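Working notes, beginning with the structure itself.
What you are looking at is a predicted structure, and each value in this text was computed from that prediction instead of being measured. A, B, ... follow the sequence lines: proteins, then strands. Residue 1 opens every chain.
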Amino acid sequence: MPRITQSDLQAYLDEALPPDEMAAVEAELRSRPDLLRQLALINGRRDAGVHSVGEIWRRLRLSCPPRQQLGSHLLGALDEGQAAYIDFHVRVIGCRYCQANLEDLRRQQEETAETVKTRRTKYFQSTAGHLRKKS
Amino acid sequence: MSPRPSLPWFRVGQGWEEGASGPCTQASPADMTTQPDADSLLVDRIRRGETQAWDDLISRYEGRLLAFVESRLGRRGPSEDIVQESFLGFLNSLPNYDGRRPLESYLFSICAYKLTDHLRREGRRPAVPLSSASDTSGDWQVSDSARQASSIARSGERKELEVKAIAEALSEQIERWREKAEWTKLMCAELLFVRGWANKDVAEHLDITEQQVANYKFDFIARLRTLVKRQGLDEEVFPELYEDEA
């Protein structure tokens, strides 16, 4: 894989690189002030309203497969071309959102109903009070 | 004052912030089939204070948000805390949430924001100056594109129009590649523009010639440039489409 690109830095700012690449950028940032300046420059460009085609593509998730298609992929139900593209999108492009969806779909087959229920109940009980306040 | 984390959505008036309104954007393909109408109805019910609707939203989205955070933190407990904070953040931003914005992307953006904040507090993520105003390096004038753009005064509405125009063109092209099963062209463009790979690396990875990569890139950029021109958009705000002319 190529070294850190400008697009990687843009994605880093958005917490959108795969975890291992996020960590690699962070490690580089500690010893390379020039990279930090590049990040600041990207922020400056964004503030100035300069658009990057790649950023728009990534942020709007224009090529992300639908979640149902990711599910079909896990079941091996897609044709060869579609399956190869999803593998590419998830592994090479490293789409964090599709990776998360895939992992969630995998876990749904593995986690016990009790574990999931406990977690969801915790989220609900800790936030529902705010729902009532806002309503 | 420590800089705020960047947001994984449009930067200019389009990021997620508690109390800020989200942008009006088209649904992404990934969201279109997560039933945007159903999501919109769900959000309406949550706005009315229906606890069942809130429970439904949590059930629908917590798993993918947890997977997103845990992949980075590697620890279940703190990851669940961040998801919980994200749901709270969603409720706090709800009065200003634009229901036309894809819900899943919006939730991911909140989650990324909370995660970034957490990593910064842990010292894992270095602080980055937000803009030229907060940078003292004196290197701000090195970029032609930044210098050009700094002189462009445009409204937030105008910027959204620019994004929308390019997004529509990209979506149309991506859909065309998909329909024709031209996966190599799609992969090529995604590597070039989303990952920023050089032609040589793309050619090597996809096992095609550099000339093919150059041809695909040329066609793709030409299409986008035509659209930028047709829409009367300012060329300066899409500098990468005109780099070869520089």
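Only the side chain of A:Leu29 has a heavy atom closer than 4.5 Å to any heavy atom of chain B. With a threshold of 4.5 angstrom between heavy atoms, A:Leu17 approaches chain B through side-chain atoms but not through N, CA, C or O. Contact of B:Ala169 with chain A is not made at all, since no heavy-atom distance falls under 4.5 Å. Only the side chain of B:Leu224 comes within less than 4.5 Å of a heavy atom in chain A; its backbone stays farther off. Contacts between A:Arg96 and chain B at a heavy-atom distance below 4.5 Å involve backbone atoms as well as side-chain atoms. Of the two parts of B:Ile174, only the side chain, counted from C-beta on, holds a non-hydrogen atom closer than 4.5 Å to a non-hydrogen atom of chain A. Looking at B:Leu73, neither its backbone nor its side chain comes within 4.5 Å of chain A, counting heavy atoms on both sides.
Counting heavy atoms from C-beta on, the side chains of B:Phe68 and A:Asn101 never come closer than 4.5 Å. In this structure the side chain of A:Arg107 reaches within 4.5 angstrom of the side chain of B:Leu66, judged on heavy atoms. A:Phe124 has its side chain out of reach of B:Leu57: every pair of non-hydrogen atoms, C-beta onward, lies at least 4.5 Å apart. Annotation: side chain of A:Arg61 is in contact with side chain of B:Ser105 (closest heavy-atom distance under 4.5 Å). Under the 4.5 Å side-chain criterion, counting only non-hydrogen atoms from C-beta, B:Ser71 is not in contact with A:Glu103. A 4.5 Å side-chain heavy-atom check between A:Val50 and B:Pro239 finds at least one atom pair inside the cut-off.
A salt bridge is defined here as a Lys NZ or Arg NE, NH1 or NH2 lying under 4.0 Å from an Asp or Glu carboxylate O, and A:Glu55 with B:Arg195 fails to meet this definition. Ion pairing between A:Arg45 and B:Glu240 fails under the 4.0 Å rule for side-chain N and carboxylate O. Comment: A:Glu15 does not engage B:Lys114 in a salt bridge, judged by the lack of any side-chain N to carboxylate O separation of less than 4.0 angstrom. The existence of a salt bridge linking A:Lys122 and B:Glu62 is excluded, since no basic side-chain nitrogen approaches an acidic carboxylate oxygen closer than 4.0 Å.
To the nearest 0.5 Å, atoms CD (B:Gln173) and CG (A:Leu62) are separated by 12.0 Å. In this structure, the separation between OH on A:Tyr123 and CG on B:Leu88 is 12.0 Å, given to the nearest 0.5 Å. Between B:Phe87 atom CZ and A:Ser126 atom OG the span is 9.5 Å, to the nearest 0.5 Å. We find the CG-NE2 distance between B:Leu91 and A:His130 to be 8.0 Å, quoted to the nearest 0.5 Å.
Because its NZ or CZ atom is both nearer than 6.0 Å to the ring centre of A:Tyr12 and within 45° of the ring axis, B:Arg125 counts as a cation-pi partner of that residue.
Put simply, the side chain of B:Arg64 never gets that close to the backbone of A:Asp104: no donor and acceptor are under 3.5 Å apart.
Using a 3.5 Å distance cut-off with no hydrogens or angles, the side chains of B:Trp54 and A:Thr127 do pair a donor with an acceptor.
Taking the six-membered ring for Trp and thresholds of 30 and 60 degrees, B:His205 and A:Phe88 have ring planes inclined between 30 and 60 degrees apart. Below 30°, between 30° and 60°, or above 60°: for B:Trp183 and A:Tyr85 the angle between ring planes is below 30°, a parallel geometry.
B:Glu179 pairs by the side chain to side chain contact (heavy atoms under 4.5 Å, CB included) definition with B:Glu175, not counting sequence neighbours. Residues passing the salt bridge (charged side-chain N to carboxylate O under 4.0 Å, His left out) test with A:Asp34, sequence neighbours excluded: A:Arg32.
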